[in-house]
Amino acid sequence: MSRIGSIYARRWPISGGRQLRLALVAGALLVATGAARASQVCSPAAAPGILPSANIVVQSGGPQSSIQAVAPANPQCPITDYRWTALTPSAPQLMTNGASASFDTPKFLCQRDGASYVYRVEALDSSGVASEPRDFTVQLKPWGQPLAPFAIDPQVNLAAGAGAVLTPDQTHPCSPTSGFPGLDTQWALPEGQLLPPGIRLRTPEGTLVTGPSAVTPQLQIETDACAAGQVTLLVNHYTRDGSGVAGPVSTVQVNVDPQWVPISNGVLMLDADAISPERIAGTASVEGLNCIEQRGGVKARMSLRLPDGTLVQQKEFRIPSPWEFSIAPMCGGQHFRLETLLVEGPGFTAEALQPSERYSSANVSQLALLQTDIIVPPIELSLRPSEAAHLVASCGQAASGTLEQRLPAGPCSGSPLTWEYVSGPELTQSSFTGEQIQLTTRETDFGALLGQSVVMRVSVDTGKVSQMEQTVPITAEPFVTVDRHVENAVGADTDLTGVSVDLHNTTECGVGQVDHVERLAGVDYVPGSARFNDAPVEAELDGETLTVRGLTLEGGATGRLTYVVRPRLLGASSFEGQSFVRGIPVSQPPPESPSGYGCDGSGSGVAALGLAGLAAVLRRRRAR
């Protein structure tokens with residue numbers, strides 16, 4: 001308006017009152033022009049569009065549905081607002097905000113066929129003129145969200161060995177008479193959780209639940225004796241219509257109390273039944289406790305100490321089980337104190353117990369302390385007879401020799417040995433000490449000493465006395481020589497062979513009780529033919545061994561033993577022999593047996609003369 005007034009003022013310059021009247025006229029013209037424009041009315045716009053569609057399907061219990069109005073194309077006046085109207089009388093009100101609206105889906109709808117609601121939306125232009133209407137339908141599917149399975153999240157406390165049946169106390173607001181299709185109930189473990197050992201889940205039919213979830217109207221809980229742990233179950237309902245709408249989740253907390261007897265009530269039983277100088281061993285058990293394995297085991301912490309308390313070894317043993325300590329052996333034995341504490345195993349936690357049963361490990365240890373005195377016995381030595389121990393007698397001298405007893409290597413190797421005379425020819429000493437001793441007889445009678453024995457007792461005391469008796473024979477160096485002659489009878493009507501054995505005593509001491517043993521091969525002894533120094537003697541035949549006993553050999557003299565044999569038809573013949581005094585060999589052992597007779601051939605010696613006489617005797621016997 002100021003612009004128009006200025007134009008007219010330039011064309012017609014005036015002043016005073018005239019100028020004021022022109023200005024008033026111009027203002028009046030401008031007001032009239034605005035009023036004309038304000039009274040202008042636009043034609044209604046076309047109907048707006050609807051997104052997502054004019055027929056919207058929603059699931060009761062599902063999420064809120066958003067509806068968007070799309071402005072009409074090319075409106076004559078600008079669109080400034082929208083008007084939303086429910087045409088169905090029972091339709092829920094929409095929540096609107098200009099071109100946006102939302103349908104607040106109800107949690108449930110107990111109508112078999114669902115519900116259908118008609119709504120209208122109109123666009124309003126700047127002049128307040130409504131567009132052509134756009135009607136759309138919201139179809140609401142039935143049933144919707146079930147209730148939480150449990151009105152209040154339950155907590156189930158079970159004693160180990162007991163069970164329970166879990167049944168939801170809420171289902172769905174819709175009654176079965178409305179045609180409601182029913183529910184499926186899902187029971188699931190939280191992700192990553194496993195059932196503790198000894199706790200099982202089953203369906204009402206008894207089927208074991210092996211996976212992390214199960215769909216079943218009820219759930220059975222089974223527990224083993226001594227089972228312990230907590231189980232969290234997440235439970236919710238699903239309407240059996242395929243909609244996938246789930247109800248709120250109920251959390252069921254199951255606590256299984258193992259009812260373990262507090263370890264402080266345990267009584268430790270300890271047996272030390274295998275004690276030796278090298279080891280201490282036994283068995284350990286506990287009474288008064290239950291569920292030993294389920295609580296992670298129980299251990300015995302064992303400390304082996306000296307009497308002054310010095311710790312030697314400390315070990316832990318799972319019980320019930322054997323236990324053992326290896327120790328360094330000591331000759332005289334040892335004395336230990338064994339301290340044992342009853343402690344929980346690695347899997348045991350006091351928090352698993354009821355509050356009234358909790359305790360500290362320190363208290364447990366003091367209550368279960370057990371002290372035992374262990375007496376390790378002294379080492380018992382094993383004494384063995386000395387090999388080839390003997391005394392040697394000589395003509396005109398006492399018998400003497402060395403006797404030795406070596407102790408085994410080890411802690412007792414230096415233990416003192418004592419010897420004492422027990423029986424036999426008297427010795428010059430009756431007692432001795434040391435590992436090696438010298439024995440000498442008082443008697444010097446060569447013939448009397450031969451073949452006798454001295455019995456000695458050796459003792460060693462390590463704290464435990466070990467004894468052994470040893471018999472020591474009296475022997476001599478061979479002093480009898482043996483010469484043998486074998487002769488066939490000449491011209492005699494016989495097949496006999498004579499054997500002559502000369503036994504020569506090379507010492508000046510005479511000996512009696514000489515036994516001579518001949519071993520015959522390939523011949524048969526002729527009974528009654530044995531002579532010693534031409535006197536008949538008894539001869540014992542055992543297989544091929546011929547023994548003549550009780551012969552006497554004077555000092556420096558020779559005794560002659562003769563006997564007759566009959567050679568066998570096949571095989572070579574041989575003879576050998578050795579002399580003994582009371583079982584002691586006094587002649588050299590025979591050499592390797594020669595083939596044939598191995599001695600002189602036929603002749604007219606003493607053996608042949610004996611043969612001639614023997615042949616005559618045999619002929620006279622046959623003539624009878």
Side-chain angles (χ1 to χ4, degrees), residues 160-161 196-198 224-229 258-350 352-353 357 359-382 408-412 462-464 466:
D224 292 340
C226 299
Q259 297 187 320
W260 293 340
V261 175
I263 197 170
S264 56
N265 291 3
V267 178
L268 181 63
M269 311 296 291
L270 192 68
D271 291 328
D273 50 8
I275 301 177
S276 70
E278 295 81 17
R279 63 190 286 265
I280 303 171
T283 56
S285 60
V286 64
E287 293 183 355
L289 295 182
N290 62 342
C291 308
I292 297 295
E293 293 301 321
Q294 289 77 8
R295 68 172 73 201
V298 178
K299 288 186 176 182
R301 182 177 298 147
M302 307 180 74
S303 302
L304 190 66
R305 299 180 181 273
L306 297 178
D308 62 3
T310 302
L311 180 63
V312 179
Q313 294 182 58
Q314 186 177 80
K315 294 182 179 181
E316 285 190 358
F317 299 94
R318 192 178 180 94
I319 55 176
S321 68
W323 58 268
E324 179 176 342
F325 288 96
S326 297
I327 57 175
M330 294 185 67
C331 186
Q334 300 181 76
H335 184 189
F336 295 101
R337 186 174 76 238
L338 185 62
E339 293 181 352
T340 308
L341 307 179
L342 187 63
V343 297
E344 62 270 18
F348 181 85
T349 55
L353 301 177
E357 296 176 328
Y359 53 85
S360 68
S361 296
N363 291 335
V364 172
S365 297
Q366 293 302 319
L367 291 171
L369 178 64
L370 180 66
Q371 292 186 342
T372 308
D373 284 335
I374 302 293
I375 306 299
V376 178
I379 295 176
E380 184 176 3
L381 294 178
S382 177
C412 294
T462 62
K464 186 167 187 178
S466 299

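This one's a predicted model, so the numbers in the text were calculated from it and none came from an experiment.
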ask   = Do you know which two heavy atoms are closest between Leu289 and Pro262, and how far apart they sit?
value = CD2-O, 3.3 Å
task = Using a cut-off of 6.0 Å, state whether more than 12 heavy atoms not belonging to Lys464 lie near its atom NZ.
result = no
task = Could you tell me whether a side-chain N or O of Gln313 sits under 3.5 Å from a main-chain N or O of Ile327, the two making a donor and an acceptor?
result = no
message = Could you check whether any side-chain heavy atom of Pro320 comes within less than 4.5 Å of a side-chain heavy atom of Thr283, counting everything from C-beta outward?
response = no
key: Spatial distance of atom NE2 (His335) from atom CE (Met330) [nearest 0.5 Å]   = 13.5 Å
key: Distance, nearest 0.5 Å, that separates CG of Leu311 from CG of Leu304   = 8.0 Å
task = Quick one: pull up NZ in Lys315 and NZ in Lys299 and give me the separation to the nearest 0.5 Å.
result = 13.5 Å
key: CD-CH2 distance between Glu316 and Trp323, expressed to the nearest 0.5 angstrom   = 15.0 Å
query = Taking Thr462 for the side chain and Ile379 for the main chain, is one N or O donor matched with an acceptor at less than 3.5 Å?
reply = yes
Sidechain-backbone polar pair: Glu324 side chain, Ala274 backbone, donor-acceptor under 3.5 Å = no
request  = Work out which heavy atom in Ala228 is nearest to a heavy atom in Pro196; give both atom names and the distance.
outcome  = O-CB, 3.6 Å
remark   = Note: Val261 and Gly288 closest approach over all heavy atoms is CG1-O, 3.3 Å
Closest non-hydrogen atom pair, Pro277 against Pro378 = CG-O, 4.1 Å
message = Using modelled atom types and a 3.5 Å cut-off, is there a donor and acceptor pairing between side-chain atoms of Asn290 and backbone atoms of Ala225?
response = no
request  = Please name the pair of heavy atoms, one in Met302 and one in Phe317, separated by the smallest distance, quoted to 0.1 Å.
outcome  = SD-CD1, 3.4 Å
Ile375 side chain reached by Ile275 side chain, heavy atoms, under 4.5 Å = no
key: Spatial distance of atom CD1 (Ile374) from atom CD (Gln334) [nearest 0.5 Å]   = 12.0 Å
remark   = Closest heavy-atom pair, Phe336 versus Ile280, reported as atoms and distance to 0.1 Å, is CD1-CD1, 3.8 Å
task = Without swapping roles, check the side chain of Asp271 against the backbone of Gly282 for a donor-acceptor pair under 3.5 Å.
result = no
key: Separation between CZ of Arg301 and OG1 of Thr340, rounded to the nearest 0.5 Å   = 11.5 Å
